[in-house]
Structure formats: structure tokens, C-alpha cells
Amino acid sequence: MRGVGGPTVRLRRLSSELTRLRRESGFIREEVARRLGVAASTVYRIETGHTRPQPRTIRDLLDLYGVEGSEREALIALARDAARRGWWRAYDDVLPGPYVGLEAEASSVRNYEPLLVPGLLQTEDYARAVIGAALVKDPAEIERRAAARMARQRRLTGPAPLELWAVVDEAALRRPVGGPPVMAEQLRRLRETALQPNVTVQVLPFDAGAYLGMGNALAILAFTDPGDADVVLLENLSGELYLEDPAEIRRYAQVFDHLRAAALGPEKSMETIISVEKELAGR
């Protein structure tokens with residue numbers, strides 16, 4: 001087994017190993033499900049990392065695939081560690097999907113946002129305004145979601161801080177989310193956080209015109225262990241789409257490189273943020 005990692009990364013590794021073992025054993029998912037007495041959808045969810053298999057299920061799968069010795073022990077240990085609870089599990093009621101767990105264990109994130117300030121750089125009031133605009137009307141849920149977003153930002157500080165490279169369209173700077181006071185505070189936070197050595201912020205100005213990838217928010221997560229493949233997240237109104245195919249990862253890495261090239265450099269971006277901040281203060 002590779003590296004250490006946290007529970008979300010370990011679940012990805014476990015899912016990958018179980019898929020490999022099934023294929024090498026010559027089984028299709030439906031046959032595995034029949035032999036274990038479970039639904040085929042259960043096997044699918046285990047192999048795609050959507051479900052953490054129970055200890056009995058892991059042992060039954062390894063028996064079926066004929067896995068013995070040290071490999072068996074390592075996979076059982078991997079399954080046990082994948083069941084550990086990360087801090088984000090306390091927010092399971094408002095954080096569906098695996099993204100926050102992956103982000104919590106990533107070494108770097110490349111993020112493009114066309115309409116909003118990235119979540120890792122948002123103030124609490126800005127986050128509340130964004131969450132409240134997304135058809136979330138329960139004040140308690142808004143507070144829970146905002147608190148979870150603030151907890152994510154702890155990754156930007158500490159002994160092994162997350163490397164964040166954010167490309168933000170100028171539209172996100174000029175949209176007064178939450179009203180002018182909230183937006184003014186948000187721009188100050190953006191400017192201050194961009195000074196951290198592990199954070200790079202670039203602004204894609206209006207005068208750049210049309211550009212590759214325009215309008216489609218994306219995040220590319222990378223991990224310390226080279227054996228853990230990058231993950232691309234694409235977001236839209238229908239939900240989240242995760243890509244792990246190497247060819248797709250390369251494609252979106254190239255898109256992000258184009259976005260960086262089209263954007264202003266970090267220093268010019270800082271000047272733009274300050275300029276918009278001054279315009280907002282003069283209203």
C-alpha cells in the first residue's frame with residue numbers, strides 16, 4: 001500500500017485496489033454481488049468510493065478474489081483507516097459529496113472561479129450571502145454551511161499549508177455579494193490572503209475578452225503521494241462532477257494553464273483588487 005494520507009484518500013486507494021482485484025479475478029460486478037448476496041449497486045458504490053465497506057464485506061471480497069498474506073492484511077488495515085472520521089464528518093448534514101475530504105488531504109488546489117470569490121478565500125459574511133442565495137433559507141443551515149467553509153480555510157495556515165492557486169474573473173470582484181460593506185471586507189480579505197507565500201491570486205480582467213474555459217468553475221486537486229492521482233471537480237446547477245481519468249486531468253490542467261496565461265500577473269492582480277476596493281468605498 002502507498003503512503004499514509006487521510007481517510008478520504010485511503011478510501012480512494014481501497015476502491016481502486018478492490019476494482020483492480022475484481023478485474024484480475026475475472027468477475028463482473030453483477031457476479032460479485034450475486035456471490036456476496038448484495039445489490040450490484042452496492043458493489044458499484046464500493047468501487048467508486050461512495051461507500052465505505054463494512055469489515056465483513058471486505059473479508060468476503062478478499063476471500064472471493066483469493067487475496068492472502070501481507071496483501072490481505074494491508075487491505076484490511078487500509079479499510080480500517082478509511083473508516084476514520086475527519087473533521088469534516090461533523091458537517092455531513094451540510095457537506096454532501098467527497099470534495100471537502102479530498103481538499104482537506106490535498107497538497108495543492110488550482111481553482112478557477114468565474115462568478116464568485118473562491119470558498120477558501122471567502123469571509124464569513126460573504127459566505128452567508130452566497131449560501132443564502134442558493135435557495136438555502138433555514139438560518140441554522142446557513143450558519144452550519146458558513147462554519148464549515150471557515151473550517152476549510154484552516155488548511156491555508158499551519159505547518160504544512162495547502163498551496164492554493166486561484167484565478168478569479170473580474171466579475172467576481174465587482175459583484176456586490178451581500179452589499180457594499182460585506183464586499184469591501186471580502187476584497188480586503190482577498191488582498192491580505194494573497195500575500196501568504198502559499199497563496200497565489202490572479203484576476204482575469206474584462207479586457208481579456210473571451211478565453212478558454214470561460215464560465216465553467218473548476219478545481220484541480222493534487223496530493224503529496226505521487227501514487228494518488230489528481231482529481232478535477234466541475235460544478236454546475238446539477239451538482240458536482242469528479243474526473244480522475246489521466247487524459248481528462250491533463251486536459252483540464254492545460255485549460256488552467258491557459259487561464260493563468262490570460263490572467264493578470266499576481267502584482268497587477270493585486271492592483272486591480274485595490275482599485276475595485278477603492279471604487280466600492282467611493283460609492
Side-chain angles (χ1 to χ4, degrees), residues 1-93 95-109 219-234 238-253:
M1 297 299 103
R2 304 182 299 271
V4 180
T8 305
V9 168
R10 286 185 171 238
L11 183 59
R12 286 183 72 213
R13 292 178 189 165
L14 178 64
S15 302
S16 176
E17 292 295 322
L18 291 175
T19 302
R20 175 185 63 81
L21 288 167
R22 174 181 59 78
R23 289 171 176 167
E24 290 179 354
S25 300
F27 291 109
I28 61 173
R29 286 176 180 149
E30 289 74 12
E31 176 66 8
V32 171
R34 187 184 67 78
R35 291 188 176 228
L36 267 61
V38 299
S41 60
T42 299
V43 179
Y44 170 80
R45 290 180 64 80
I46 289 172
E47 291 190 355
T48 54
H50 287 85
T51 296
R52 289 185 296 279
Q54 297 298 314
R56 174 61 185 272
T57 304
I58 283 291
R59 288 177 170 81
D60 288 347
L61 286 167
L62 298 181
D63 287 343
L64 180 61
Y65 302 151
V67 180
E68 300 292 344
S70 60
E71 184 181 13
R72 181 185 182 92
E73 293 175 4
L75 285 166
I76 290 174
L78 188 61
R80 182 172 56 249
D81 290 340
R84 290 191 289 115
R85 288 179 61 86
W87 67 262
W88 55 91
R89 294 296 178 194
Y91 296 96
D92 272 352
D93 56 322
L95 290 178
Y99 179 78
V100 173
L102 290 169
E103 181 187 81
E105 298 164 15
S107 58
S108 71
V109 173
I220 306 173
L221 292 80
F223 303 87
T224 302
D225 192 319
D228 292 320
D230 292 359
V231 178
V232 168
L233 166 69
L234 304 177
S238 299
E240 300 175 341
L241 175 64
Y242 294 88
L243 306 176
E244 299 184 57
D245 180 82
E248 291 179 317
I249 300 297
R250 287 193 297 272
R251 176 187 173 198
Y252 281 98

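These numbers come from the heavy atoms of this one structure, side chains and all, not from hydrogens, waters or symmetry mates.
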Task: Electrostatic pair Glu31:Arg35 at N-O distance under 4.0 angstrom - done: yes
- [ ] Considering only NZ, NE, NH1 and NH2 on the basic side and carboxylate oxygens on the acidic side, decide whether Arg251 and Glu248 come within less than 4.0 Å.
- [x] no
Open item on the list: Once rounded to the nearest 0.5 Å, what's the spacing between atom CD of Gln54 and atom CD1 of Ile46?
Closed with: 9.0 Å
Open item on the list: Contact between Ile76 and Arg80 at the side-chain level, heavy atoms closer than 4.5 Å - yes or no?
Closed with: yes
Open item on the list: I'd like to know if Arg59 pairs up with Asp63 as an ion pair, taking the criterion as any Lys NZ or Arg NE/NH1/NH2 lying under 4.0 Å from an Asp or Glu carboxylate oxygen.
Closed with: no
- [ ] Considering only NZ, NE, NH1 and NH2 on the basic side and carboxylate oxygens on the acidic side, decide whether Arg20 and Glu71 come within less than 4.0 Å.
- [x] yes
Open item on the list: Could you go through Phe223 and Val231, starting from their C-alpha distance and side-chain angles, then the distance that decides it, and tell me whether this counts as side-chain contact (heavy atoms from CB on, under 4.5 Å)?
Closed with: CA-CA 9 Å; Phe223 303 87; Val231 178; 4.1 Å; yes
Task: Check: Ala40 main-chain N/O paired with Arg29 side-chain donor or acceptor under 3.5 Å - done: no
Open item on the list: Under a 3.5 Å distance rule, please check whether Thr224 uses its side chain to pair with a backbone N or O of Ser107 as donor and acceptor.
Closed with: no
Task: Atom pair OG1/CG of Thr57 and Leu61 - distance to nearest 0.5 Å - done: 6.5 Å
Open item on the list: Between Tyr99 and Tyr242 (side chain of the first, backbone of the second, donor and acceptor by atom type, cut-off under 3.5 Å), is there such a pair?
Closed with: no
- [ ] Measure the OG-CG distance between Ser16 and Asp228 for me, rounded to the nearest 0.5 Å.
- [x] 9.5 Å
Open item on the list: Just verifying a value: how many Å separate Arg22 CZ and Glu24 CD, rounded to the nearest 0.5 Å?
Closed with: 11.0 Å
Task: Non-hydrogen side-chain atoms of Ser25 and Val32 separated by less than 4.5 Å - done: no
TODO: Could you please spell out the steps behind the side-chain contact (heavy atoms from CB on, under 4.5 Å) verdict for Leu21 and Leu62?
DONE: CA-CA 8 Å; Leu21 288 167; Leu62 298 181; 4.2 Å; yes
- [ ] To the nearest 0.5 Å, tell me how far Tyr44 OH sits from Glu30 CD.
- [x] 12.5 Å
